[in-house]
Amino acid sequence: MNYKTDVLVIGSGIAGLFAALKISEFAEVILITKKDKTESNTNYAQGGIASVIDSNDSFEKHIQDTLIAGAGLCHRDTVEMMVKEGPERIKDLINIGTKFTEINGKFDLVKEGGHSHSRILHAKDLTGQEIERALINSVNQRSNIILLENYTAIDFLTEHNLRKNKNLTIENKNCYGVYALNSQTNEVVKIQSKATLLASGGLGQVYLHTTNPKIATGDGFAMAYRAGVKIANMEFIQFHPTALFGSSSLPEFESRSFLISEAVRGFGGILRTKDGNAFMEKYDPRKELAPRDIVARAIDNELKKRGDEFIYLDITFKDKNEIIERFPNIYNTCLRLGIDITTEFIPVVPSAHYVCGGVMVDKNAQTSLNGLYACGEVTMTGVHGANRLASNSLLEAVVYSDRAAKSIKQFLEDKRVKLPEIPDWDDSGTLTQDERVLVTHTIKEVKHTMWDYVGIVRSNQRLQRAKTRIFYLYQENESLYKKTKIYNDILEARNLIACAYIIIKSAEMRKESRGLHYTIDYPNTDDNYLSDTIIQNRTY
Ligand code: FAD
Ligand code: SIN
């Protein structure tokens, strides 16, 4: 069954849901999501959402903290905009029923790495789940939002789908929706829309160890790449310093590592080597609360030097009841693994967590393709630079979702888009894949390659080796893709390969070390490279 609508939203995390709510005030919306509607990075967010709420805090302090974490690459104008619009968007979240933790009638504002002031609103250590609950509840009440679960966007519909227009440049094309796979029926449908909003989240699954759930296979970045939409700064992959070591023995953590929130360090947690020594002072005067790139690199260095598999995070010196009250999710999950965090150290390792780059958007969330807007983790807005400040991601998502909704309203009023007759999906001549193991092995190879060669510390040689392997996997998978009836794994393999390739290419372009990108061949920061690494044309 094909669909037509005013606005198609791709993704049911904070960015997609928040935008859909705002858009539904003036247009019909179809929102598609790859699995269950709650399955998203958002749902697992722990620490919280940063914003200037306390009267002793100031916009300028939040702006400065963001710029410092971003290691010189943030766009000051977009940082200012995000920080200043933040409090209004927090009000929106509260108005739809999000309950942030309060103490004595006041928000319990806490600190995380890189913040000079306590400004993180949270819902204990389940902030994302609470925001997602409130958003889905509100979306369910809007009769003009159709939410379709188990629909995976495959590629954008543009004029290139019309045979006569194959060679148009990006400036002369428009986005008219997507082809999407209904993963329950294995049918590919055409969803046509006057405007499309990409809110498909991150790509943590490109790496072997990640805090991101299974859906985070970078589909949006890959779709944009294939369509020739501008993408930037993909070399800046944020590794969270403290994912729980050994969480994979619990079934729900088979494909993602359980996060031990940075808020635990904000609460006073101390990082220790296996023999119990604190070490962060050697690396940065801010110690455990230095920005994430610094803490993750320090841990990586200690692990490599000592040949250990993990380091410890210690909060045993804090009051037991306070720990359980503040971090119930972390306390209970660790307990299920036999670790009582009130009396024992927590074994932790860095894990791929967030991508600072993405589909380039302007301040109105407009991409380089007409009719295509984007918000949330899939974007590069300029606010994160070379390293995102903790808890700025959820904030960026709501600020840009609101802006996307406003610009889509204007676009629909100005353009009066007429949808062209785009052909249905044609899979004649393809066969059902009966050796699916070929694809699952490809996915494993991508993850190992990226973990081994494109991790926290890089080199020219490692990047070259990764590129050769990824290109080989690309050729194999693409030839299979052309012959096969589409199913989710083969789509995801294709997207993971594209993301791996874009990350490597961007990393090769940056011949310096800055923020999250550290290479032993160019160990210093070099202000000759003080610009974004932009990829526009598809080169494979
Ligand atoms: P997501 O929430 O990931 O949503 C993406 C949606 O798109 C999903 O519904 C997915 O199914 C759907 N989708 C993907 N591909 C397709 C496709 N092809 N077709 C259809 N649908 C698709 N940030 C903070 O600011 N504070 C925190 O405390 C914090 N904690 C975090 C903890 C964890 C464990 C993780 C993983 C991240 C955390 N982050 C935090 C980062 C933050 O949660 C994410 O960056 C943010 O939630 C991204 O929101 P989003 O809406 O862009 O994407
Ligand atoms: C965390 O709780 O440590 C995650 C915060 C973030 O990613 O911003």
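Start at 1 and go down the list; that is how both ligands and their atoms are numbered.
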Donor on one side chain, acceptor on other, Thr440 and Asp489, under 3.5 Å:
no
Would you find more than 12 non-hydrogen atoms of other residues, nucleotides or ligands less than 6.0 Å from Lys485 atom NZ?
yes
With sequence neighbours excluded, give me every salt bridge (charged side-chain N to carboxylate O under 4.0 Å, His left out) pair touching residues 36-46.
none
With salt bridge (charged side-chain N to carboxylate O under 4.0 Å, His left out) as the rule and sequence neighbours excluded, what pairs involving residues 250-259 come up?
Glu252-Arg336
Just to be sure I understand the cut-off, which residues have at least one non-hydrogen atom under 4.0 angstrom from an atom of ligand 1?
Ile10, Gly11, Ser12, Gly13, Ile14, Ala15, Ile32, Thr33, Lys34, Glu39, Ser40, Asn41, Thr42, Tyr44, Ala45, Gln46, Gly47, Gly48, Tyr151, Thr152, Ala153, Ala199, Ser200, Gly201, Thr211, Asn212, Ile215, Asp219, Leu259, His353, Tyr354, Gly376, Glu377, Arg388, Ser391, Asn392, Ser393, Leu394
Under a 4.5 Å cut-off applied to non-hydrogen side-chain atoms, are Phe258 and Asn329 in contact?
yes
Phe236 and His517 aromatic ring geometry - parallel, tilted or perpendicular at 30°/60° bounds:
perpendicular
Would you verify whether the NZ or CZ of Arg292 falls within 45 degrees of the ring axis of Phe239 while also being under 6.0 Å from that six-membered ring's centre?
no
Measure from NZ or CZ of Arg272 to the centre of the six-membered ring of Tyr312 and say whether it is under 6.0 Å with the direction within 45° of the ring axis.
no
Ligand 2: which residues have a non-hydrogen atom closer than 4.0 Å?
Gln46, Gly47, Glu112, His240, Leu259, Ser261, Glu262, Arg292, His353, Arg388, Ala390, Ser391
Is the backbone of Lys124 close enough, under 3.5 Å, to the side chain of Thr101 for a donor and an acceptor to pair up by distance?
yes
